[in-house]
Amino acid sequence: MRFTRFTVNSSIHAGVIEEDTIREISGDIFGEWDYTGQTFSEGEVKLLAPLEPNQIIGIGANYVSKVEDIPEQLPEIPVFFFKPTSSVIGPEEEIVIPEGIDQVKFESELAIVIGKEAKNVSESDVLDYVFGYTVGNDVTAPQFFHQDGHWTIGKSFDSFTPLGPVIETELDPFNVKVEAILNGAQKQNSATELMIIPIRRMVSYLTKVMTLKPGDVILTGSPVGAELVGAGDVIECEIKEVGTLRNTFVTAKEAAKVF
């Protein structure tokens with residue numbers, strides 16, 4: 001199923017996309033929900049990020065360029081970081097470049113959506129706790145990385161986590177490609193088999209550290225090819241089985257001056 005959130009006449013709704021029709025639903029997508037009977041065409045609505053995440057966890061430096069480069073000895077402690085939920089935007093919304101810099105970096109990613117509480121989950125059982133998958137763009141301002149290696153500020157600006165266009169629940173995450181098209185030119189295109197920390201190990205490890213909750217989003221890492229971009233550039237992050245997440249980069253508006 002393809003779950004979405006959208007607005008119609010400034011009112012927020014949730015729904016399931018079936019071909020070119022959106023069937024509105026009510027209730028909790030992670031629990032009990034039902035169809036309302038109301039339908040919309042995709043042309044009638046503005047798509048939002050397909051969920052309001054409970055929390056967002058990313059993993060850093062998680063792709064190689066070819067299978068032979070995957071290390072035999074995986075990191076004992078993977079590099080994880082948090083992103084604020086206030087950084088989430090949806091398809092076609094603007095990514096704002098912070099004041100003081102001219103460029104930021106796009107990072108197209110497969111995003112996992114957790115569907116039920118998960119603690120101390122074995123690798124073999126991980127997929128039982130996954131609700132579905134969406135496309136994420138882990139926008140980054142490396143100019144704000146701390147000299148000691150802290151990434152938080154450079155990952156946290158408003159608009160730095162586009163998600164969408166849908167949550168796809170029927171997906172084989174081990175057999176998809178993560179792509180990015182910048183101004184019409186392909187920059188990223190890697191199969192998820194090129195991950196250093198594979199999905200099952202990644203999620204299992206996190207559940208040994210923290211309790212994952214329904215609505216948590218895990219950004220699984222970005223393939224090689226991410227670049228710095230500036231105002232006016234258009235990025236399309238794509239996983240063909242999920243859809244295309246398209247956003248435009250803009251400069252920050254100057255704050256109003258007090259006279």
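From a predicted model like this one, the values you see are computed outputs, not experimental measurements. This chain uses plain numbering: 1 for the first residue, then up along the sequence.
Counting all heavy atoms, side chain and backbone alike, P50 lies closest to G164 at CD-CA, 3.5 Å. Nearest heavy-atom pair, P165 versus L245, reported as atom, atom and distance to 0.1 Å: CD-N, 4.4 Å. The shortest heavy-atom contact between M202 and I197 is CE-O, 3.3 Å. For the pair Q55 and M210, the tightest heavy-atom approach, listed with the atom from each and the gap, is NE2-SD, 4.2 Å. Among all heavy-atom pairs drawn from L48 and P91, the shortest one is O-CD, 3.6 Å. Closest of all the heavy-atom pairs between L194 and S65 is CD1-O, 3.9 Å.
Between E107 and K155 there is a salt bridge, since at least one side-chain N of the basic residue sits less than 4.0 Å from a carboxylate O of the acidic one. Taking the charged nitrogens against the carboxylate oxygens, R23 and E18 do have a contact shorter than 4.0 Å, which makes a salt bridge. In summary, E179 and K187 do not engage in a salt bridge, as defined by a charged side-chain N under 4.0 Å from a carboxylate O. The pair D216-K213 fails the salt-bridge criterion, with no side-chain N (NZ, NE, NH1 or NH2) lying under 4.0 Å from an Asp/Glu carboxylate O.
In this structure, T220 contributes its side chain and L110 its backbone to a donor-acceptor pair below 3.5 Å. The backbone N or O of A49 lies less than 3.5 Å from a partner atom in the side chain of R5, making a donor-acceptor pair. Without hydrogens or angle criteria, T4 side chain to G15 main chain gives no donor-acceptor distance under 3.5 Å. For the pair T85 (side chain) and P53 (backbone), a donor-acceptor distance under 3.5 Å is absent. Between the side chain of T207 and the backbone N or O of V121 there is at least one donor-acceptor pair closer than 3.5 Å. Between the side chain of N9 and the backbone N or O of S11 there is no donor-acceptor pair closer than 3.5 Å. The backbone N or O of F157 sits nowhere less than 3.5 Å from a side-chain atom of S87 that would complete a donor-acceptor pair. Without hydrogens or angle criteria, D233 side chain to G230 main chain gives a donor-acceptor distance under 3.5 Å.
Side-chain contact between L47 and V45: present, with at least one pair of heavy atoms (C-beta onward) separated by less than 4.5 Å. A heavy-atom distance below 4.5 Å is not found between the side chains of F3 and V166. In this structure, the side chains of E19 and E42 stay at 4.5 Å or more apart for every pair of heavy atoms. Proximity of V250 to I95: side-chain heavy atoms (C-beta onward) are nowhere separated by under 4.5 Å. Counting only heavy atoms from C-beta outward, the side chains of D125 and S204 never approach each other to under 4.5 Å. Inter-residue side-chain proximity for I22 and T39 is flagged as unmet; no heavy-atom pair is nearer than 4.5 Å. In this structure, K177 and I239 have side chains that are not in contact, with every pair of non-hydrogen atoms separated by 4.5 Å or more. Under the 4.5 Å side-chain criterion, counting only non-hydrogen atoms from C-beta, P71 is in contact with I196.
In this structure, CZ in R246 is found 12.0 Å from SG in C237, a value given to the nearest 0.5 Å. How far OG of S222 is from CD1 of I59: 12.5 Å, rounded to the nearest 0.5 Å. Considering CD of E44 and OG1 of T7, their distance stands at 12.0 Å, rounded to 0.5 Å. Within the model, atoms CD1 of I25 and CD of Q38 stand 13.0 Å from one another, a figure rounded to the nearest 0.5 Å. Residue E117 holds its CD atom at 5.5 Å from OG1 of T211, rounded to the nearest 0.5 Å. Taking CG from N183 and CD1 from I235, the interatomic distance works out to 8.0 Å, rounded to the nearest 0.5 Å.
Hydrophobic clustering of Ile, Leu, Val, Met, Phe, Trp and Tyr side chains at less than 4.5 Å, counting indirect connections, unites V209 with F82. In this structure, L163 is not a member of the same hydrophobic cluster as I114, with clusters built from ILVMFWY side-chain heavy atoms closer than 4.5 Å. Residues F80 and F160 fall into different hydrophobic clusters, defined by Ile, Leu, Val, Met, Phe, Trp and Tyr side chains chained together at heavy-atom separations under 4.5 Å. Under a hydrophobic-cluster definition in which Ile, Leu, Val, Met, Phe, Trp and Tyr are linked whenever side-chain heavy atoms come within less than 4.5 Å, directly or via other members, Y205 and F81 are assigned to different clusters. Under the 4.5 Å side-chain heavy-atom criterion for grouping Ile, Leu, Val, Met, Phe, Trp and Tyr, F131 is not connected to L171 through any hydrophobic cluster.
Judged by distance alone, the side chains of T244 and E238 do bring a donor and an acceptor atom under 3.5 Å apart. K83 and T161 share a side-chain donor-acceptor pair at under 3.5 Å. Defined by atom type and a distance below 3.5 Å, a donor-acceptor pair is present between the side-chain atoms of T36 and E24.
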Report the C-alpha distance between V203 and I218 in whole Å, list the side-chain angles of each, state the deciding distance to 0.1 Å, and finish with yes or no for side chain to side chain contact (heavy atoms under 4.5 Å, CB included). CA-CA 8 Å; V203 178; I218 302 170; 4.0 Å; yes

Margin query: What verdict does the side chain to side chain contact (heavy atoms under 4.5 Å, CB included) test give for K105 and V229, after you've listed the backbone C-alpha separation in whole Å, the side-chain angles of each residue and the deciding distance to 0.1 Å?
Written below: CA-CA 6 Å; K105 195 175 185 181; V229 295; over 6 Å; no

ask   = Yes or no on side chain to side chain contact (heavy atoms under 4.5 Å, CB included) for V178 and Q188, after CA distance, side-chain angles and deciding distance?
value = CA-CA 7 Å; V178 179; Q188 294 180 293; 5.8 Å; no

Given F144 and T152, is the side chain to side chain contact (heavy atoms under 4.5 Å, CB included) satisfied, shown in steps? CA-CA 8 Å; F144 288 89; T152 300; over 6 Å; no

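Applying side-chain contact (heavy atoms from CB on, under 4.5 Å) to F106 and the options T140, L182, D138 leaves one that passes, L182. The only option from E170, E168, E241 that meets the salt bridge (charged side-chain N to carboxylate O under 4.0 Å, His left out) definition with R2 turns out to be E168.
Heavy atoms of other residues, nucleotides or ligands lying less than 6.0 angstrom from CG of D102 number 12 at most. Surrounding CG of L74 are more than 12 heavy atoms belonging to other residues, nucleotides or ligands, all under 6.0 Å away. Within a 6.0 Å radius of NZ in K46, other residues, nucleotides and ligands contribute more than 12 heavy atoms. Within 6.0 Å of CG in N120 there are more than 12 heavy atoms belonging to other residues, nucleotides or ligands.
Classification of the W151-F145 ring pair by plane angle, with boundaries at 30° and 60°, yields parallel. Taking the six-membered ring for Trp and thresholds of 30 and 60 degrees, F40 and F6 have ring planes more than 60 degrees apart, a perpendicular arrangement.
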